[in-house]
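Every value quoted in this text rests on a predicted model; they were computed, and no experiment measured them. In this chain, residues are counted from 1 in sequence order.
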Amino acid sequence: MTTSAKPLSVAVIGAGMAGRSHAAGYRNVNTVFGAGLPPVRLAAIADANTALGEDAARRYGFEKAFPSWEAVVEDPTIDAVSIVVGNALHRPIAEALVAAGKHVLCEKPLAGSMEDARAMAELERTAEVVTAVGYTFRRAPGIAAIREHVRAGELGDLTLFSGRYWCDYATDPNGPLSWRFKGGPGSGALGDVGSHVIDAAEYVAGPIASVSGASLSTQITKRPLPLGAVVGHNAAPVSEEFGEVENEDTATFTARFESGLVGTFSVTRTGFGLPNGLAFDVLGVGGRAAFDQHRPAEYLFDDAQPDARTRGARQIIAGPNLPYFAGGVPMEAPGVGASNGDNFTYQARAFLDQVAGVAEPLPACATFADALRTMEIIQAVVESSHNDGAAVAVPPVA
């Protein structure tokens, strides 16, 4: 356990939807899992949209708002920083922060291009600071519990992983042509939400060896140009001029895991009525489990009960017996809920555990190298789609 009384000074670059989630996580880190961290100083939130940044700083108790990410780099009092901006900006910001000796937690996907992602992974190899990536769903108690079932062999040999991430944030054809709709194939629904379900699949079921049968499609091919800044997935004033959507709304593919397990995947941002539909089923010869983010305080589990008459999927309510729950919520009792906001708190705590070098840290965050691997899988999916669904090998885990 660290005994330092010197505060850890943190900042967030990006004041939008995900940036505020990081800010809230930092605000809460010392309220969970007992002692261990030094005090956390909420130093600054940076955003080019100064009104948005000032509002986020006020809401989450940060000392100041900066108008640029460069101001965070130049502030010698800041120790650790979350990067939560457009993907194309991740590399230059991360490089500048690491050069300034600051620890970095970067949102997924790792970068806007494979070239930038590889450069960031190489940067990590020689960095003398902590570098991490925000795969928040690793912190969901239900997902972490299913991983434990699989690792303990409680499902027997796995036979199928079926994962999907279905969202509705792009169903409105009058939604503005923000940066999320720019970039080549793979940077749309695959990069945005597909990266999460791919990471969850490997987190639970092991490495993916190849992908095949990929198909990418765009349902809304033109969108109106925004008249100003677009925050998150929110509506914004638009002009009468339209621009081309450059990436996919929907993608499907199959995968072969190194274990021989078969996987099926589908992702979309144009799935009506599905605000945040990350879900998966993992099946084995001796059991099965399922998780749905729309019901985050539970998961389903089934195994070979002695009496066949009472077999069937059982609803496991999140409680202190699940990972992260004990010590991670104010009311440690089953049935009081769990949320995506909690996951961001656990992620921020895990990151700062690494930074502070505490004696008993939470499981470490994903690395830049892990996130590069996810992008390699996405690139393989795109290549498969360009070649009529042909099988494409994924580089093995280093």
Side-chain angles (χ1 to χ4, degrees), residues 12 14-29 31-33 45 56 59-60 82-85 105-109 132-147 163-170 180 189 191-201 203-204 231-234 267-269 271 273-280 290-300 315-319 322-332 334-352 362-363 365-366 371 374:
V12 178
M17 177 177 64
R20 293 179 182 222
S21 297
H22 279 253
Y26 286 129
R27 183 180 63 176
N28 292 332
V29 287
T31 71
V32 294
F33 307 119
I45 292 180
R59 287 173 182 257
Y60 297 101
S82 282
I83 302 173
V84 202
V85 292
L105 173 58
C106 184
E107 256 304 325
K108 43 55 61 187
V133 175
Y135 283 120
T136 321
F137 291 106
R138 291 188 178 198
R139 309 294 168 179
I143 292 177
I146 291 172
R147 170 182 159 95
R164 58 265 187 209
Y165 205 149
W166 299 340
C167 297
D168 63 1
Y169 67 81
R180 294 182 185 277
D192 188 16
V193 296
S195 55
H196 271 307
V197 72
I198 290 169
D199 181 72
Y203 186 66
V204 168
V231 179
H233 302 313
N234 295 340
V267 299
T268 187
R269 60 190 181 191
L274 293 160
N276 194 32
L278 170 69
F280 65 82
F291 177 83
D292 187 338
Q293 177 59 25
H294 287 154
R295 303 179 68 89
E298 65 184 62
Y299 69 97
L300 299 180
Q315 179 191 42
I316 312 300
I317 302 295
L322 265 60
Y324 297 106
F325 198 95
V329 294
M331 187 179 292
E332 293 183 16
V336 299
S339 74
N340 203 39
D342 295 323
N343 299 344
F344 276 95
T345 296
Y346 306 156
Q347 174 178 275
R349 177 63 186 257
F351 174 53
L352 294 184
L362 291 185
C365 293
T374 305

Kindly determine whether Asn28 and Tyr60 satisfy side-chain contact (heavy atoms from CB on, under 4.5 Å), including the steps that lead there. CA-CA 10 Å; Asn28 292 332; Tyr60 297 101; over 6 Å; no
Flag, side chain of [X] to backbone of [Y], donor-acceptor distance under 3.5 Å:
X      : Y      : answer
Arg269 : Asp168 : no
His294 : Asn276 : yes
Arg20  : Ala15  : yes
Glu107 : Ala18  : no

Looking at every non-hydrogen atom in both residues, tell me the closest pair between [X] and [Y] and how far apart they are.
X      : Y      : result
Ala350 : Cys365 : CB-SG, 4.1 Å
Leu300 : Gln315 : CD2-CA, 3.8 Å
Ala371 : Val133 : CB-CG2, 3.7 Å
Ala348 : Val29  : CB-CG1, 3.5 Å
Gly273 : Pro275 : O-CD, 3.4 Å
Ala297 : Ala338 : CB-N, 3.7 Å

Would you call Asn340 and Gln293 a side-chain contact if the rule is heavy atoms closer than 4.5 Å?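 Yes, close enough: below the 4.5 Å cut-off.
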Supply the atom-to-atom distance [X] [atom1] to [Y] [atom2], rounded to the nearest 0.5 angstrom.
X      : Y      : atom1 : atom2 : result
Cys167 : Leu274 : SG    : CG    : 8.0 Å
Leu362 : Phe351 : CG    : CZ    : 13.5 Å
Arg27  : Thr345 : CZ    : OG1   : 8.5 Å
Leu322 : Ile143 : CG    : CD1   : 11.5 Å
Arg295 : Ile317 : CZ    : CD1   : 8.0 Å

Is Asp192 salt-bridged to Arg180, going by a charged N under 4.0 Å from an acidic O?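 Between Arg180 and Asp192 there is a salt bridge, with a charged N closer than 4.0 Å to a carboxylate O.
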Cation-pi check, Arg139 onto Phe344 ring (under 6.0 Å, within 45° of axis):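 Output no; distance or angle outside limits.
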Ring geometry between His196 and Tyr165 (parallel below 30°, tilted from 30 to 60°, perpendicular above 60°):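 Aromatic pair Tyr165/His196 classed tilted.
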Checking side-chain contact (heavy atoms from CB on, under 4.5 Å) for the pair Arg164/Val267: CA distance, chi angles, key distance, verdict? CA-CA 5 Å; Arg164 58 265 187 209; Val267 299; over 6 Å; no
Worked check of side-chain contact (heavy atoms from CB on, under 4.5 Å) between Val197 and Leu278: CA-CA 7 Å; Val197 72; Leu278 170 69; 3.8 Å; yes
Any donor-acceptor N or O pair under 3.5 Å, side chains Tyr346, Thr136: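 Short answer, no.
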Using distance alone, with no hydrogens and no angle criterion, decide if Tyr135 and Thr374 have a side-chain donor and acceptor under 3.5 Å apart.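 Yes, Thr374 and Tyr135 have a side-chain donor paired with an acceptor closer than 3.5 Å.
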Ring centres of Phe291 and Tyr299 under 6.0 Å apart?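 Judged by ring-centre distance (under 6.0 Å), Phe291 and Tyr299 do not meet the cut-off.
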Residues Asp342, Tyr324; criterion side-chain contact (heavy atoms from CB on, under 4.5 Å); working and verdict: CA-CA 9 Å; Asp342 295 323; Tyr324 297 106; over 6 Å; no
Under the salt bridge (charged side-chain N to carboxylate O under 4.0 Å, His left out) rule, what do Asp199 and Arg138 come out as? Steps first, then yes or no, please. CA-CA 8 Å; Asp199 181 72; Arg138 291 188 178 198; 2.8 Å; yes
